[in-house]
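All ligand and atom numbering here is 1-based and tracks the order in the structure. Treat the numbers as computed from the prediction; the structure is a model and nothing was measured. Only this structure's heavy atoms are used, side chains among them; waters, hydrogens and symmetry mates stay out.
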Amino acid sequence: MAPPFKKVLIANRGEIAVRVIRACHEMGIRTVAVYSEADRDALHVRYAHEAYLIGPPPSSESYLRIDKILDVAERSGAEAIHPGYGFLSENDAFARACRDAGIVFVGPPPEAMEAMGDKVRSRELMTKAGVAVVPGSPPLKDAKDAVRHAERIGYPVLLKAASGGGGKGMRVVRSSAEVPSLFAQAQGEARSSFGDETVFLEKFVERPRHIEVQVLADSRGSCVHFGERECSIQRRHQKLIEESPSPVIDAETRATIGAMAVTAAKACGYVSAGTVEMLRGADGAFYFMEMNTRLQVEHPVTEMVYGVDLVKAMIEIAGGAALPFTQDRIAARGHAIECRIIAEDPSRNFMPAPGTIRALRAPAGPGVRYDGGVYGGFTVPVEYDPLLAKLITWGGDRNEAAARMTRALDELRVDGVKTSIAFHRRVMTHPAFLAGELHTGFLEEHPELLSTETDPWLSEVAVLAAAVHHFRRLEQLSLRKPQAAAVSRASEWKRPSRSGWRR
Ligand code: MV4
């Protein structure tokens, strides 16, 4: 089969740019990378057939510049642009600008992006389509209006920004006395974060699970779903671990929420891969939250369980292809877990820890997928998201996937920057995680997961390793010339048996 395009531009960086480039190359499509001055040595620049510098490090001057990206598309002769996630991926103005320039946007139509981008509008659209939404209000006029709606809905309620997402501008309100100050706070945060102070109310769902359904729609009116992902292990709206399937969803529930998601996608004229986010209350009820009109970071867990390549499917659909399967031919097999390996220090409140990666060793072996965007020697720029790599494991069941993750995390070594690897390992062996007792407050409920003190192998082995390192350094400093010491250390990386990485 001839590929749908000869050349595709990837308007992104890091692991997702690499992921899209890999799909293109497997399809026989030539690739065009764009990069900022901070990414001259980045992996996506090395992997693409062509690469164009588009500006200085800040994304507002590079990866978010619609004019520069369209200019590169024109100069390079790319027929389509894949936006990845983040940056311009949910910007309907960018999708429109592509359309106006005669370039295919590998994603949904701008009209669908716009309809789902406004939380009040998408709630209305879903209500009309018969999709369950959390009881709520229209946009609020003032604090008095808020009290009136809150009393009708019943406390606790949640103030949300209409243009929001990611938890910004949200406030939990437990009584009418709290309304005036929290209303003003939510409005102010909505204005400063989104340039739109519109806020509305929803019934607050306590201790919810975050469950999302993957959909795929073609431009001919067909839409299917690939079950759910459970993304409840997150901190301040940053997801850290995702899995598929969810430990609490049976086949019947999956069919119900899958049909909900397909109805939601069809109601907004959706095309391409998309995700319908839902909340599951402690009572087991599901509610539509929002639709993410892009490829998501955690798409690989769905790919592993359903045996589908979502990025290739997006590109085929953008070229006008029909879905090659119907819902009854889609079946799950086994279980997959993803850990987001980030350059942050979990013991210091997930403080960003960019820097130069001195050495990196990726895990491999049965059931392991490693989607990385960095390599040993690369300097992680401070300007962007600190995601270094995604580690995904597959197993015949959840326990096997978790055991493989623990083993793969033990194989993974990132030297030079602080990472979340040890944190992820603690979660994988934690009794509550293994029991599948997940909800969005999981990390607050298990604060011991954020501390290094519970790592027996770390506290003992690390002290020993530090001592060995200390005495070796002393030896080098006293017995050799400084230059010779540097050479000796560099050569250690070439000899795995003496690297000090014994695990
Ligand atoms: C909620 C909620 C409880 N009740 N809405 C947070 C970000 C945005 N996508 C929706 N969010 C929530 N909306 C109602 N009516 C709780 C959250 C929420 C949350 C949702 C998903 C994943 C993690 C979360 C962490 C805290 C709060």
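Between Met170 and ligand 1 there is a heavy-atom distance shorter than 4.0 Å. Residue contact check for ligand 1: Glu206 places no non-hydrogen atom closer than 4.0 Å to it.
For atom 15 (N) of ligand 1, the closest non-hydrogen atom of the protein is Lys203 O, 2.7 Å. For atom 6 (C) of ligand 1, the nearest non-hydrogen atom of the protein is His237 CE1, 3.5 Å. What sits closest to atom 7 (C) of ligand 1 on the protein, heavy atoms only, is Gly167 N, 3.5 Å. With respect to atom 13 (N) of ligand 1, the closest heavy atom belonging to the protein is Lys160 NZ, 3.1 Å. The nearest heavy-atom contact from the protein to atom 4 (N) of ligand 1 is Val205 N, 2.9 Å. Looking only at protein heavy atoms, the nearest one to atom 16 (C) of ligand 1 is Leu279 CD1, 3.9 Å.
Among His439, Met289, Glu290, the residue whose heavy atom lies nearest to atom 9 (N) of ligand 1 is Glu290. The nearest non-hydrogen atom to atom 21 (C) of ligand 1, considering only Lys119, His210, Glu212, comes from His210.
We find that Glu189 and Lys168 are not joined by a salt bridge, their nearest charged nitrogen and carboxylate oxygen being 4.0 Å or further apart. Ionic pairing of Arg407 and Glu411 is present here: one or more N-O contacts between side-chain nitrogen and carboxylate oxygen are shorter than 4.0 angstrom. Taking the charged nitrogens against the carboxylate oxygens, Glu242 and Arg340 do have a contact shorter than 4.0 Å, which makes a salt bridge. Under the 4.0 Å criterion applied to side-chain N and carboxylate O atoms, Arg13 and Glu383 are not assigned as salt-bridge partners.
Judged purely by atom type and a 3.5 angstrom limit, Arg254 has no side-chain atom pairing as donor or acceptor with the backbone of Ser246. Side-chain N or O atoms of Ser193 include none that pairs as donor or acceptor with a backbone N or O of Ala190 at under 3.5 Å. Under a 3.5 Å cut-off, the side chain of Lys418 and the backbone N or O of Ala353 do not form any donor-acceptor pair.
For Thr440, every heavy-atom contact with ligand 1 shorter than 4.0 Å involves the side chain, none the backbone.
Atoms of ligand 1 lying under 4.0 Å from at least one heavy atom of Glu277, given by number and element, are 9 (N). Ligand 1 places these atoms under 4.0 Å from at least one heavy atom of Leu158: 1 (C), 2 (C), 3 (C), 4 (N), 5 (N), 13 (N), 14 (C). Short contacts between ligand 1 and Phe204, defined as distances under 4.0 Å to a heavy atom of the residue, involve ligand atoms 3 (C), 4 (N).
Looking only at atom types and distance, the side chain of Gln296 has a donor-acceptor partner in the side chain of Glu212 under 3.5 Å away. Residues Arg235 and Asn349 have side chains that bring a donor and an acceptor to within less than 3.5 angstrom of each other.
In this structure, Phe442 and His446 have tilted ring planes: the angle between them lies in the 30° to 60° band.
Ligand 1 has no N or O atom lying under 3.5 Å from any N or O atom of Gln234, backbone or side chain.
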